[in-house]
Amino acid sequence: MLDFLGNLERTDLCGELRAADAGKQVVVMGWVNRRRDHGNLIFLDLRDRSGLAQIVLDKELTPEGHLKGEQVRPEYVVAAVGKVRLRGADAINPKMPTGEIEIEATELLVLNDTRLAPFSPSDEAIQNEETRLKYRYVDLRRPEMQRNFRLRHDITLAIRESLSKQGFLEIETPILTKSTPEGARDFLVPSRVHPGEFYALPQSPQIFKQILMISGFDRYFQIARCFRDEDQRADRQLEFTQVDLEMSFPRRESVFEVVELFCKAAFAVAGVALQTPFPRITYDEAMKQYGTDKPDLRLPGLTDVRSAFTDADLGTLQIDPALPVVALRIPKVGELSRKEREENHPTFDSKKGAKFIDDFKRLAKGFPEAAAKVRELAGAAEGDFVIIVAGDPAHHIKASDTKFPGRLSEREINVYAAAGNFRSELAKKYAEKHGAFAITEAAVNKTEPLAGAAGVMPFNPIWIVDFPMFEYDLADAKWVPAHHPFTSPYEADMANLLTDPASVRANCYDLAMNGLELGSGSIRIHRKDVQQQIFQSLGISDEEAHQRFGFFLDALEYGTPPHGGIALGLDRIVMLLAGAPSLREVIAFPKTAKAIDLMADAPTTVSEHQLKELHIRVALKS
RNA sequence: GGGGACGUAGCUCAGUUUGGUUAGAGCGCUGCCCUGUCACGGCAGAGGUCGCGGGUUCGAGCCCCGUCGUCCCCGCCA
């Protein structure tokens, strides 16, 4: 028999009660976490979002309450009325924050019962994702999840506060907007009123925020939902949230300062201190030193070890002498057996036209000097695992060898990237041995700080700058923008737009942290003549440009101030600070890798009637 | 679109190597007992389309083919 709540009002949250509350008359409400029935004495652990408190139901004190206590089961929703009392010295539970007290109930109301859940929020073991997502409401009751969303709230609030203080206005932009053929696949929404026409969900508020600058808002931000219809990853969902901002009259440094300030505030609420300014690295240097444009600074980077080998050595080893020869080093891994090394081999992306040497004993037999020099150059200590990655002349790949002065060739980038991928995969695999990630775990779990490798911080932000403006498309033999076409080139490089596109650097920047891309932005083009030059260098006619971005190009002609901005992945920031392995841990209702909402059961087919109203006919591929 | 891992009780998993009687364990669940537990304890019990379909075989959880689902990765993500 269930009880009504009536006029009963909650006075306290379970997890907040302390010894100082002893003697206080309280009403607490929540879920039964566990029940321990001793016959005439029943203990309930009552859980609400603040934590647990023990309720005691004594048959002598409250025969009715005790009777109800016999009936309740885990996850029943109950209200307990009673008095907080200190536990006897031998009954104190030091493992619980509320372990010094308990609530001596005089009344127990059973507000709701429950079907047997497929798992219990009090379970320690991680459930399989399918079950967790289907019964997300139960999953979200788990203290870890409650903590993640409290953290997400606190971070979002800190960012809003920081940006507001820095003079940014939060302005909403449309969710139903116009499809632009650039970038990712759009989600389309059919128009009922306009047969055959579609809105698109925004991939980002990019064009709108630029128009807000033209509109004179000077500093805009938005915690913006974005939609991209692409395949998912652990750090990528179809819909995700960006901290999106744009500012007028900025130097690049002004954007960096704004971001560094709000990041500092956001990380501070998680108890993490970030050092500002964040370090910077050029795109080329990032590729050379880390083999990626989102480096993880917690581990040593790549080392150029070309000088350790003579041309003859490289010939014997069948290494391309014109391509980079780099060493990657994973500290403290110790000696690996042949079998252990071979298990790592599938991790290496051989499609990039690179090869590796991980058998140093064998290398040292044939090339003792080179092997020693490589370890010396890489700064390898005893027990550090070193691998050489180099170009494989035998492996033909579709990549350009064309060397544009001052720029890495595609094949060079491929060798660095193969080394970079291998580095981060091995770093993950041997995390326990090198210990460089433990300091991050300790920081997010707020346990005692562990000693990481010397100088290693738990979170390592870094700005990546000086990206190339264009990439060469081999298939179509033309230059294509590496970024969206409103990204400004450096003023100094503009003269080369048509004569030497390879040398043009984009005035854009990425923020990376611990191997994750956190954000990306740029100083935009604000002048019509520059925009035209860019289109011209991309081979886009005026007519075509207007068809694709018409309204925006119009707006550009009405007094556009110099402006620029950035967007940071809020979900990824929270994921990092929560120490979560996937975005799904910090998004309340995420989708699976196949883009399904297992709880709501979306997507689904819709009725003929709905389709008809939208002028849509479904034609499935047979 | 491609590659890989996984799928056995409500949950976590063992059993699959080498096919062979009635498929097991822990937790949870149900009933009874228990006044100081907090992962309470004790006794008894229920619970299985071994993801699904097909094949091989005297016989399939185990072998083969297909398929579905979850996860990870490549492609993709201006």
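Out of B:C76, B:G36, B:U70, the shortest distance to the side chain of A:A91 is found at B:G36. Out of B:U70, B:C71, B:C74, the shortest distance to the side chain of A:R233 is found at B:C74. Of all nucleotides listed (B:G36, B:A78, B:C71), B:A78 comes nearest to the side chain of A:H484. The side chain of A:R228 approaches B:C77 more closely than any other nucleotide in the set B:U70, B:U37, B:C77. Distances from the side chain of A:E230 to the nucleotides B:C76, B:A78, B:C11 place B:C76 closest.
Residues from residues 68-79 of chain A with heavy atoms under 4.0 angstrom of RNA chain B, sorted by number: A:R73, A:P74.
Using a 4.0 Å cut-off, no side-chain N or O of A:R524 falls inside it from OP1 or OP2 of B:A78. Of the side-chain N and O atoms in A:S120, none sit less than 4.0 angstrom from OP1 or OP2 of B:G28.
The backbone N or O of A:N33 lies less than 3.5 Å from no partner atom in the side chain of A:E75, so there is not a single donor-acceptor pair. For the pair A:T106 (side chain) and A:V81 (backbone), a donor-acceptor distance under 3.5 Å is present. Judged by distance alone, with hydrogens and angles left aside, the side-chain atoms of A:D123 form a donor-acceptor pair with the main-chain N or O of A:S120 at under 3.5 Å.
Smallest separation of non-hydrogen atoms from A:G69 and A:L57: CA-CD1, 3.6 Å. In plain terms, the two heavy atoms of A:M469 and A:T487 that are nearest each other are CE-O, 3.0 Å.
Nucleotide B:C34 is matched to nothing when pairs are restricted to Watson-Crick or G-U wobble geometry with both distances under 3.5 angstrom. Under the Watson-Crick or G-U wobble criterion, with both distances below 3.5 Å, B:C71 is paired with B:G4. B:G19 is unpaired under the criterion used here, namely a Watson-Crick or G-U wobble arrangement in which both key atom distances are under 3.5 Å.
Of the two residues contacting RNA chain B, namely A:A482 and A:L598, the nearest-nucleotide position lying further toward the 5' end is that of A:L598. Two residues, A:D235 and A:I596, neighbour RNA chain B, and the one matched to the more 5' nucleotide by heavy-atom proximity is A:I596.
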With the criterion being N/O to N/O and under 3.5 Å, what pairs connect the protein with nucleotides 39-41 of chain B, and how long is each?
unit_1	atom_1	unit_2	atom_2	d
B:A39	OP1	A:K95	NZ	3.2
B:C40	OP2	A:R36	NH1	3.2
B:C40	N3	A:H38	NE2	3.4
B:C40	N4	A:D37	O	2.2

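Remark: ring of A:F43 overlaps the six-membered base ring of B:U37 in a stacked fashion, centroids less than 5.5 Å apart, planes less than 30° apart.
A donor atom on one side chain and an acceptor atom on the other are found under 3.5 Å apart for A:R252 and A:Y490.
Remark: A:F198 pairs with A:L188, A:P190, A:I616 by the side chain to side chain contact (heavy atoms under 4.5 Å, CB included) rule, at least two apart or across chains.
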